[in-house]
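I have placed the structure first, in the form of structure tokens, so that the comments after it can refer back to it.
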Protein chains: 2
Amino acid sequence: MLLSNSYIDDEKIINRLYEIHRRTVPKFESCTGISQTRLELLHELYEVEEISQRALQKKVNIDHAAVTRHLKQLEDKGMVIRRKDPKDQRFTYVSLSEEGRLKIIHYREEKERFISGVLHDFSEEERKTLLGMLTRIQRNIEIFE
Amino acid sequence: MLLSNSYIDDEKIINRLYEIHRRTVPKFESCTGISQTRLELLHELYEVEEISQRALQKKVNIDHAAVTRHLKQLEDKGMVIRRKDPKDQRFTYVSLSEEGRLKIIHYREEKERFISGVLHDFSEEERKTLLGMLTRIQRNIEIFE
DNA sequence: TTATATTAGTTGACGTATCAATTATTGAGC
DNA sequence: GCTCAATAATTGATACGTCAACTAATATAA
């Protein structure tokens, strides 16, 4: 297995991305008290009055199955309200409950604290560069093959 | 919820990292035919004659439980050989089988193709910058709190 | 040497993402 | 109006990572 030095570094990038994710998941949750995905769902709900699961799924770009399960659990916890569209029974509309609307504020404060910690030594310039690079990577993965 | 513009961007960085991971997992596996973690384990085994599970676990930095399960499955597939240390029965030593040694070469070629695709529009300079930034983020996550 | 601590590995419970298959409802073409 | 296609949501199977509890083997110290 003969690999050039520059390839080794490329590999490090991909491995680093992977490890960052693995380390982030538990830290994020223990810090904020909620998972990243679930908070993202709540955040989207926060921005609107009501939205269909399908539309929400498109926004967060997660598998339908996962969306269904998250929303059911959030409903069980009383953070979310779900109802069928009377006009078209295929659609389920979702909205934040009062309690959900209150709780999400605290979650997001903690998320902000977490993000500040993770990026604390990055200049404004660097953050811009990084975001641009990550966006390109994401696009490359999407169009791959 | 009043958030400054720069914070919004920081949030995008973290969300992007998360989404990159989610999209990478299935693409990587369908492209290479093996999961990233499992290939990393095999790669470490490729570099040595034999190694204890414990030492291997420290190298890949994954939970013990996951390591045990991966190695058992790789053993079932005939890619890996495991044996107890006669001197100290607590240790299990792992090594690549001949078949494993052959197969890993193909896997790694596919991985290289995948990585090239993901980073194809990045200059040498950019890759260095990116790796540096990711390394800092990883460190920040580790020392957080 | 015998009780206690440490260490490696395994197993179980849980969370959550994916894909594939299924159900229920609505829409379109004849 | 009736059959067939499309769509939203759900459920099942599978994969994989975490933590916690457990087993077995060895080291330590009284």
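Here is the naming used below: chain letters follow the sequence lines, and residue numbers restart at 1 for every chain.
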List the steps, then state whether side-chain contact (heavy atoms from CB on, under 4.5 Å) holds for A:Cys31 with B:Phe144.
-> CA-CA 10 Å; A:Cys31 173; B:Phe144 185 72; 3.9 Å; yes

Would you sort out whether A:Thr37 and B:Tyr18 count as a side chain to side chain donor-acceptor pair (under 3.5 Å), showing the intermediate values?
-> CA-CA 9 Å; A:Thr37 302; B:Tyr18 195 70; 2.9 Å; yes

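If you take OH of A:Tyr93 and C1' of D:dA8, they are 11 Å apart, rounded to a whole angstrom. Rounded to whole Å, the distance from CZ on B:Phe28 to P on D:dA15 is 17 Å. Atom pair B:Leu39:CG and D:dC16:P shows a separation of 13 Å (rounding to whole Å applied). Here C:dT16 presents its C1' atom at 14 Å from CD of A:Glu40, a figure rounded to the nearest Å. Rounded to an integer number of Å, the gap from B:Arg23 CZ to C:dA17 P is 13 Å. Going from atom CG of A:Asp88 over to atom P of C:dT26 covers 5 Å, rounded to whole Å. Between the NE2 atom of B:His21 and the P atom of D:dA15 there is a distance of 17 Å, rounded to whole Å. Rounded to an integer number of Å, the gap from CD1 of A:Ile34 to P of C:dG15 is 14 Å.
In this structure, a donor-acceptor pair under 3.5 Å is absent between the side chains of B:Glu40 and A:Asn15. Side-chain contact of B:Arg23 with A:Asn61: a donor-acceptor pair under 3.5 Å is present, judged by distance alone.
The CD atom of B:Glu11 sits 8.0 Å away from the CD atom of A:Glu112 when rounded to the nearest 0.5 Å. Remark: B:Arg16 CZ to B:Ile13 CD1 distance equals 9.5 Å, nearest 0.5 Å.
A cation-pi contact, defined as under 6.0 Å to the ring centre and within 45° of the axis, links A:Arg136 to B:Phe122. Both cation-pi conditions hold for A:Arg101 and A:Tyr46: the charged atom is under 6.0 angstrom from the six-membered ring centre and inside a 45 degree cone around its axis.
Distances were taken from every side-chain heavy atom of A:Arg82 (C-beta onward) to each of D:dA8, D:dT26, D:dT10; the shortest belongs to D:dT10. Ranking C:dT16, C:dG9, D:dA6 by closeness to the A:Gln73 side chain, first place goes to C:dT16. Closest contact between the side chain of B:Arg22 and the listed nucleotides D:dA6, C:dT18, D:dA25 involves C:dT18. Residue A:His70 has its side chain nearest to C:dT16 when only C:dT16, C:dT26, C:dT10 are considered. Comparing C:dG9, D:dC16, D:dA6 by their nearest atom to the side chain of B:Arg54 picks out C:dG9.
Closest-nucleotide positions on DNA chain D for B:Asp85 and B:Glu29 were compared, and the one nearer the 5' end corresponds to B:Glu29. Residues A:Tyr18 and A:Lys84 each lie close to DNA chain D; by heavy-atom proximity, the contact nearer the 5' end of the strand is made by A:Lys84. Place B:Phe91 and A:Arg69 on DNA chain C by their nearest nucleotides, and B:Phe91 ends up nearer the 5' end.
With respect to A:Lys87 and A:Asp85, no salt bridge is recorded, no charged nitrogen being found less than 4.0 Å from a carboxylate O. Under 4.0 Å is where a charged nitrogen must lie from a carboxylate oxygen, and between A:Lys72 and A:Glu75 no such pair does.
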Dot-bracket for DNA chain C, 5' to 3', Watson-Crick and G-U pairs with both distances under 3.5 Å, [ ] for crossing pairs, | for partner on another strand, reads ||||||||||||||||||||||||||||||

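Within the 4.0 angstrom heavy-atom criterion, only backbone atoms of the sugar-phosphate kind lie near B:Lys87; the bases stay farther away.
Neither OP1 nor OP2 of D:dT7 sits under 4.0 Å from any side-chain N or O of A:Gln89. Between B:Ser35 and D:dC16, a side-chain N or O to OP1/OP2 separation shorter than 4.0 Å is present.
Non-hydrogen atoms lying under 4.0 Å from DNA chain C are contributed by A:Ile62, A:Asp63, A:Ala65, A:Ala66, all within residues 60-68 of chain A.
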